[in-house]
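Below is one structure, written out as structure tokens, with a few remarks after it.
Computed over heavy atoms, backbone and side chain alike; hydrogens, waters and symmetry mates excluded.
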Amino acid sequence: MSEVTLLVLDAEPPPRLGRLTGRARVIHADEASLAKQLPDADVLLVWDFTSHAVRRAWPGDGPRPRWVHTASAGVDHVLCPELVASDTVVTNARGIFDQPIAEYVAALVLAMAKDLPRTWDLQREREWHHRETQRVAGTRACVVGSGPIGRAIERTLKALGVRTALVGRTPRTGIHGPEDLDRLIARADWVVCAAPLTDETRGMFDERRFGVMQPSARFINVGRGALVVEKDLAQALSKRWLAGAALDVFEHEPLPPDSPLWDAPGLLVSPHMSGDTVGWRDDLGAQFVELFERWEAGRPLLNVVDKKRGYVPGR
């Protein structure tokens, strides 16, 4: 086998690929140079998983890499019609972020139930204000998205005593189908969105869905920003249709300073960090090297994305 050319769409800090020394010719690109270098690559590593440069560059002329790996769970930022129609295999970082995101969701649930943001505000004001808080055990959650992240969230919330229902694309044992979603969110105390972004899920949480929820419910999104119609959420919070919400992902990132979401009542904003624990970049790099070694040896790749569906099929 001739030397493999690996093209890396860079972000700082760069991936650690020392184990591939002498086994691959590694070249680097940024958003401006990606289109020119794509025809030279056998493999593309999308290390800058916030970039949409692949979608813009892929439809150009010349050969294309046989394999694209994105160092993220979501793949909507790389898929375009030409890539979907091609023979190129796409893989993702499935498995890296599951438990960290589940822990983050649990932390948000506890913080909102125990009114911790208000406690910190009162401390800064040097105000002693006794309150009663909500008990988490015995509450109901609806987790939307039945992939590894959604299942990890389900397990973690159940460990807190939360009665949890999981909703996926198709109903099967232990998982509800989309036809049950409205019924489940109507009685849920916690609605957690961890779904992939597809044509079917884009904007799925809108004015109507927020209107279905209980006034005491809280909404959490750790999936993709475009799953939520953000102006509808801001309006729902302003009208007190919901007790609160937490967003870790947004349609446009970074969130612009003039976004009304910053001032939406009862909303916790975090900068797309729910899966990013200490050492996460090293884990992503190690995962890619392991996948490369499988590909180099002619073994089947793991985490292969169904490009038409937009995610890795699972149980």
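Under the 4.0 Å criterion applied to side-chain N and carboxylate O atoms, Lys158 and Glu154 are assigned as salt-bridge partners. Using a 4.0 Å cut-off between charged side-chain N and carboxylate O, Arg23 and Glu293 make a salt bridge. At a threshold of 4.0 Å, the pair Arg169-Glu200 does not count as salt-bridged, since none of the basic side-chain nitrogens sits closer than that to a carboxylate oxygen. Using a cut-off of 4.0 Å between Lys/Arg side-chain N and Asp/Glu carboxylate O, Asp182 and Arg208 are scored as salt-bridged. Between Arg140 and Asp189, no side-chain nitrogen of the basic residue sits less than 4.0 Å from a carboxylate oxygen of the acidic one, so the salt-bridge criterion is not met.
Taking OG1 of Thr277 as the reference point, atom CZ of Phe97 lies at 8.5 Å (rounded to 0.5 Å). The CG atom of Leu247 sits 5.0 Å away from the CG atom of Leu267 when rounded to the nearest 0.5 Å. Between the CD atom in Glu103 and the CD atom in Gln99 there is a gap of 4.5 Å [rounded to 0.5 Å]. The distance from atom CG of Leu17 to atom CG of Leu45, rounded to the nearest 0.5 Å, is 6.5 Å. In this structure, Ile27 CD1 and Leu7 CG are separated by 4.5 Å, a value rounded to the nearest 0.5 Å. The CZ atom of Arg240 sits 14.5 Å away from the OG atom of Ser216 when rounded to the nearest 0.5 Å.
For the side-chain contact (heavy atoms from CB on, under 4.5 Å) test with Val46, the passing option among Leu9, Leu34, Asn92, Val8 is Leu9; the others fail. Under the side chain to side chain donor-acceptor pair (under 3.5 Å) test applied with Asp121, the options Arg118, Arg124, Gln123 reduce to a single match, Arg124. Paired with Phe292 under the rule side-chain contact (heavy atoms from CB on, under 4.5 Å), one option of Glu296, Glu290, Arg294 passes, and it is Glu296.
Annotation: side chain of Asp282 is in contact with side chain of Arg16 (closest heavy-atom distance under 4.5 Å). With a 4.5 Å cut-off on side-chain heavy atoms, Trp190 and Thr164 do not count as touching. Contact of the Ser238 side chain with the Pro265 side chain is registered, since non-hydrogen atoms from C-beta on lie closer than 4.5 Å. Using a 4.5 Å heavy-atom threshold, the side chains of Val229 and Leu233 count as separate. No side-chain heavy atom of His176 sits less than 4.5 Å from a side-chain heavy atom of Leu181. Side-chain contact check for Glu230 versus Leu261: some heavy-atom pair is nearer than 4.5 Å. Put simply, the side chain of Val136 reaches to within 4.5 Å of the side chain of Val162, judged on heavy atoms. Contact check for Arg309 versus Thr198: no side-chain heavy atoms found under the 4.5 Å cut-off.
For the residue pair Leu38 and Arg64, the shortest heavy atom distance occurs at CD1-NE, 3.8 Å. Closest of all the heavy-atom pairs between Val78 and Leu83 is O-CD2, 3.4 Å. Shown here for Ala246 and Leu108, the closest heavy-atom pair between the two residues is CB-CD1, 3.9 Å. Contact between Arg151 and Ser146 at its shortest, heavy atoms only, is NH1-O, 2.8 Å. For the residue pair Pro171 and Glu179, the shortest heavy atom distance occurs at CG-OE2, 3.8 Å. Heavy atoms only, all atoms of each residue included: Leu227 and Pro196 are closest at CD2-O, 3.5 Å.
Under a hydrophobic clustering in which Ile, Leu, Val, Met, Phe, Trp and Tyr are joined whenever their side-chain heavy atoms come within less than 4.5 Å, directly or via other members, Val212 and Val167 fall into the same cluster. Residues Val222 and Val144 fall into different hydrophobic clusters, defined by Ile, Leu, Val, Met, Phe, Trp and Tyr side chains chained together at heavy-atom separations under 4.5 Å. Val26 is connected to Val43 through a chain of hydrophobic side-chain contacts under 4.5 Å among Ile, Leu, Val, Met, Phe, Trp and Tyr, so both are in one cluster.
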Kindly determine whether Thr88 and Trp67 satisfy side chain to side chain donor-acceptor pair (under 3.5 Å), including the steps that lead there.
CA-CA 5 Å; Thr88 297; Trp67 168 34; over 6 Å; no
Assess whether side chain to side chain contact (heavy atoms under 4.5 Å, CB included) is satisfied between Thr156 and Val105, documenting all intermediate values.
CA-CA 9 Å; Thr156 304; Val105 168; over 6 Å; no
Verdict with supporting geometry, Tyr104 and Ser270, side chain to side chain contact (heavy atoms under 4.5 Å, CB included)
CA-CA 11 Å; Tyr104 198 89; Ser270 58; 3.1 Å; yes
His77 and Thr70: side chain to side chain donor-acceptor pair (under 3.5 Å), yes or no, with the steps?
CA-CA 9 Å; His77 61 294; Thr70 178; 2.9 Å; yes
Dump the intermediate steps for side chain to side chain donor-acceptor pair (under 3.5 Å) on His28 and Asp10, then the final yes or no.
CA-CA 6 Å; His28 299 268; Asp10 276 330; 3.0 Å; yes
Mind running salt bridge (charged side-chain N to carboxylate O under 4.0 Å, His left out) on Asp206 and Arg209 for me, showing each step along the way?
CA-CA 5 Å; Asp206 56 8; Arg209 285 253 160 78; 5.6 Å; no
Would Gln214 and Leu242 satisfy side chain to side chain contact (heavy atoms under 4.5 Å, CB included), going step by step from the backbone distance to the final call?
CA-CA 7 Å; Gln214 302 182 87; Leu242 303 176; over 6 Å; no
Could you walk me through whether Ser274 and Asp248 pass the side chain to side chain donor-acceptor pair (under 3.5 Å) check?
CA-CA 7 Å; Ser274 60; Asp248 185 57; 2.8 Å; yes
Begin from the C-alpha positions of Gln134 and Met112 and carry the test side chain to side chain contact (heavy atoms under 4.5 Å, CB included) through to its verdict.
CA-CA 9 Å; Gln134 183 180 4; Met112 288 190 281; over 6 Å; no
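Checking side-chain atoms of Arg55 against main-chain N and O of Leu79 turns up a donor-acceptor pair under 3.5 Å. Looking only at distances, no side-chain donor or acceptor of Ser33 sits under 3.5 Å from a matching main-chain atom of Ala29. Using a distance-only test at 3.5 Å, with no hydrogens or angles considered, a donor-acceptor pair links the side chain of Arg94 to the main chain of Val312. Using a distance-only test at 3.5 Å, with no hydrogens or angles considered, a donor-acceptor pair links the side chain of Lys307 to the main chain of Ser86. Judged purely by atom type and a 3.5 angstrom limit, Ser259 has no side-chain atom pairing as donor or acceptor with the backbone of Leu255. In this structure a side-chain-to-backbone donor-acceptor pair under 3.5 Å is missing from Asp98 to Ala152. Side-chain N or O atoms of Thr139 include none that pairs as donor or acceptor with a backbone N or O of Arg135 at under 3.5 Å.
More than 12 heavy atoms of other residues, nucleotides or ligands shown are found within 6.0 angstrom of CZ on Arg19. More than 12 heavy atoms of other residues, nucleotides or ligands shown are found within 6.0 angstrom of CZ on Arg131.
Ring geometry for His69 against Phe288 counts as tilted: the plane angle lies between 30° and 60°, on a 0 to 90° scale.
The ring pair (Phe, Tyr, Trp, His ring centres under 6.0 Å) contacts involving residues 235-265 comprise nothing, where partners must be two or more places apart or lie in separate chains. Here ring pair (Phe, Tyr, Trp, His ring centres under 6.0 Å) pairs that include residues 219-238, with residues two or more places apart or in two chains, are Phe205-Phe219, Phe210-Phe219.
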